[in-house]
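Down below is the structure, laid out as structure tokens.
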Amino acid sequence: MPKLKKSGKKRNRKELSQIWSQSIGDYVIDLSCSPDGSLLAAAETSGPISIFNSEQGNKISTSSGHVFGTSRIGWSSTGENFASTGLDGLIRYWNLDDPVKEIRSMKGGSNWVENLAWHPNSECLATSAGKHLRLWNTDGELLEDWSNYESTIADIAWSPSGDCVVAATYGGLTFRFPDQPDRQRKFEWKGSSLKIAWSPNGKYIATGDQDSTVHFWDVESGRDSQMSGYPTKVLPLTWNSTSRYLATGGSDTVIVWDCSGKGPQGSKPIALDIHKALLSEVVFQNHGPLLASADESGLVAVWNHEKSKKALATINFDSGITQLVWAQNDQSIAVGDNLGNIISLILN
């Protein structure tokens, strides 16, 4: 079990306290909450996938996952279907009852299926493997196979409306439209984008880039901005629910950009400074104003950046945090670490 570190500092006005803790035995590669908030799925980098009751923390079931390792997991928007991708080149659908049963498996197109993204309003799954972007229905039927990418797809994301799916590769972003399979739209950029974050209102796309920058795209016009100055590649990206603020990692400082008005380029961001190690996760609440951050040393912090640049609450663990997700009701936070621990936290 993870151990809390004693800070020795004056207690914050609020505090993060542990609700429950469980161990899955290996590095937590992904966490996913069910849409109704009742279940939490955790994937080990070595393969197995465990399902927990979100409130009490008791383990409900465990599946074998993927033989050579699991890469991503996720529920469909209705919560009726659950999928995983892995290093065996497969996409798997699961029945999560105990015992867990695999419903079906599909080939992703390459030896390693890196990403999955469920449609926001329907039971359609997008996956990427190498240079292959594929769409599937819940019967495992291949709906579309876009395999003409010139480089490996680093990340995929549906638009909030679900009318298109965007893929990030070296050279920019490519938009694909399921209702018009031959249509594509490109935002070209001579660089490599690694992560995609689409604003909830659908107006903007932010990407974290290999060259230690953040790209900011206006979806309607295609105009782009670039924010530099990060010491390393930017992987954590998160929008708040109003689409005004974009928070980023890429250092040991949480950087929050105000994207209202003419956008963030040329503006001075808000810097939230308490971490002493590289940020591993930065996540806004689903509906509220709070922002949670975590780093590779084990520090978790919660912020209300509109009111203060000081952390609202912190908690320290003796293991590096690899995953962080807010519960659907925004009342608790689940974190996973590099030792295989799952911890549920509440802000008091």
Side-chain angles (χ1 to χ4, degrees), residues 16 27-33 43 45 71-74 114-115 117 154-157 166 168 191-200 204-217 226-241 243-259 264 269-286 288-305 309 311-312 314-315 317 319-326 330 333-338 343 345:
L16 282 165
Y27 186 106
V28 181
I29 193 68
D30 205 4
L31 285 179
S32 180
C33 288
T45 188
S71 53
R72 292 289 181 269
I73 54 174
E114 293 95 344
N115 299 292
D155 198 16
I156 57 175
V166 63
S192 182
S193 296
L194 303 177
K195 288 293 180 180
I196 302 170
W198 206 313
S199 66
Y204 310 111
I205 292 177
T207 61
D209 304 325
Q210 180 69 42
D211 65 352
S212 305
T213 64
V214 172
H215 236 80
F216 182 84
W217 304 85
Q226 190 178 59
M227 289 84 84
S228 58
Y230 294 89
T232 186
K233 58 187 177 183
V234 182
L235 296 177
L237 293 171
T238 180
W239 288 93
N240 79 325
S241 60
S243 299
R244 176 174 179 176
Y245 295 107
L246 172 71
T248 68
S251 70
D252 59 4
T253 302
V254 182
I255 301 297
V256 182
W257 298 93
D258 188 340
C259 300
I270 301 167
L272 306 177
D273 191 6
I274 197 172
H275 294 276
K276 303 303 180 184
L278 182 66
L279 292 163
S280 53
E281 288 288 338
V282 177
V283 184
F284 272 112
Q285 284 181 308
N286 299 295
L290 300 184
L291 173 68
S293 59
D295 66 35
E296 294 180 350
S297 73
L299 176 64
V300 178
V302 174
W303 314 79
N304 188 338
H305 73 279
K309 291 184 180 180
L312 193 61
T314 62
I315 191 169
F317 297 97
S319 51
I321 305 302
T322 62
Q323 296 291 316
L324 185 155
V325 294
W326 284 93
D330 288 333
I333 303 169
V335 300
D337 70 13
N338 57 5
I343 310 104
L345 304 171

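- Note that the CG atom of Leu246 and the CD1 atom of Ile205 stand 12.0 Å from one another [nearest 0.5 Å].
- With Leu31 as the partner, the side chain to side chain contact (heavy atoms under 4.5 Å, CB included) test is satisfied by one option alone out of Leu324, Ile73, Thr322, Val325: Val325.
- Within the 3.5 Å criterion, the main-chain N or O of Asn286 finds a donor-acceptor partner in the side chain of Asp330.
- Remark: Gln210 pairs with Ser192, Leu194, Lys233 by the side-chain contact (heavy atoms from CB on, under 4.5 Å) rule, at least two apart or across chains.
- The only member of Thr248, Thr253, Thr213 that meets side chain to side chain contact (heavy atoms under 4.5 Å, CB included) when paired with Tyr230 is Thr248.
- Considering OG of Ser193 and CG of Asp209, their distance stands at 4.0 Å, rounded to 0.5 Å.
- Summarising the geometry of Gly250 relative to Leu278, their closest heavy-atom pair is C-CD1, 4.0 Å, with the distance given to 0.1 Å.
- Across Leu299 and Ile274, no two heavy atoms sit closer than the pair CD2-O, 3.9 Å.
- Nearest heavy-atom pair, Ser319 versus Asp337, reported as atom, atom and distance to 0.1 Å: OG-OD2, 2.6 Å.
- Shortest non-hydrogen contact noted between Lys309 and Trp303 is O-CZ3, 3.3 Å.
- To the nearest 0.5 Å, atom CG of residue Leu16 and atom CD1 of residue Ile315 are 6.0 Å apart.
- Tyr245 and His305 have perpendicular rings, their planes meeting at more than 60° on a 0 to 90° scale where under 30° would count as parallel.
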CA sep, side-chain torsions, deciding dist, call: Phe216, Cys259, side chain to side chain contact (heavy atoms under 4.5 Å, CB included)
CA-CA 9 Å; Phe216 182 84; Cys259 300; 3.6 Å; yes

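- Listed here is the closest heavy atom pair of Gly249 and Leu279: CA-CD1, 3.9 Å.
- Side-chain contact between Phe284 and Ser241 is absent, with no heavy atoms from C-beta onward closer than 4.5 Å.
- We find the CD1-CD1 distance between Ile343 and Ile333 to be 11.5 Å, quoted to the nearest 0.5 Å.
- In terms of the side-chain contact (heavy atoms from CB on, under 4.5 Å) criterion, residue partners of Pro236 (sequence neighbours excluded) are, by chain and number, Val282.
- Under the side-chain contact (heavy atoms from CB on, under 4.5 Å) criterion, Leu290 pairs with Gln285, Val302, Asn304, Leu312, Trp326, Leu347, sequence neighbours left out.
- Using modelled atom types and a 3.5 Å distance limit, the side chains of Ser293 and His275 yield a donor-acceptor pair.
- Taking Trp217 as the reference, Phe187, His215 meet the ring-ring contact (aromatic ring centres under 6.0 Å, His included) condition, with sequence neighbours excluded.
- Atoms OG and CD1, from Ser297 and Ile321 in turn, are 8.5 Å apart once rounded to the nearest 0.5 Å.
- We find the OH-OG distance between Tyr204 and Ser199 to be 7.0 Å, quoted to the nearest 0.5 Å.
- One N or O on the side chain of Gln323 and one on the backbone of Ile29 form a donor-acceptor pair closer than 3.5 Å.
- With sequence neighbours excluded, the residues forming a salt bridge (charged side-chain N to carboxylate O under 4.0 Å, His left out) with Asp258 are Arg244, listed by chain and number.
- Residues meeting the ring-ring contact (aromatic ring centres under 6.0 Å, His included) test with Trp198, sequence neighbours left out: Phe175.
- Across all their heavy atoms, Leu237 and Ala206 have their closest contact at CD1-O, 3.9 Å.
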Should Val254 and Leu291 be marked as a side chain to side chain contact (heavy atoms under 4.5 Å, CB included) after you check the CA-CA gap, both sets of side-chain angles, and the distance that decides it?
CA-CA 10 Å; Val254 182; Leu291 173 68; 3.8 Å; yes

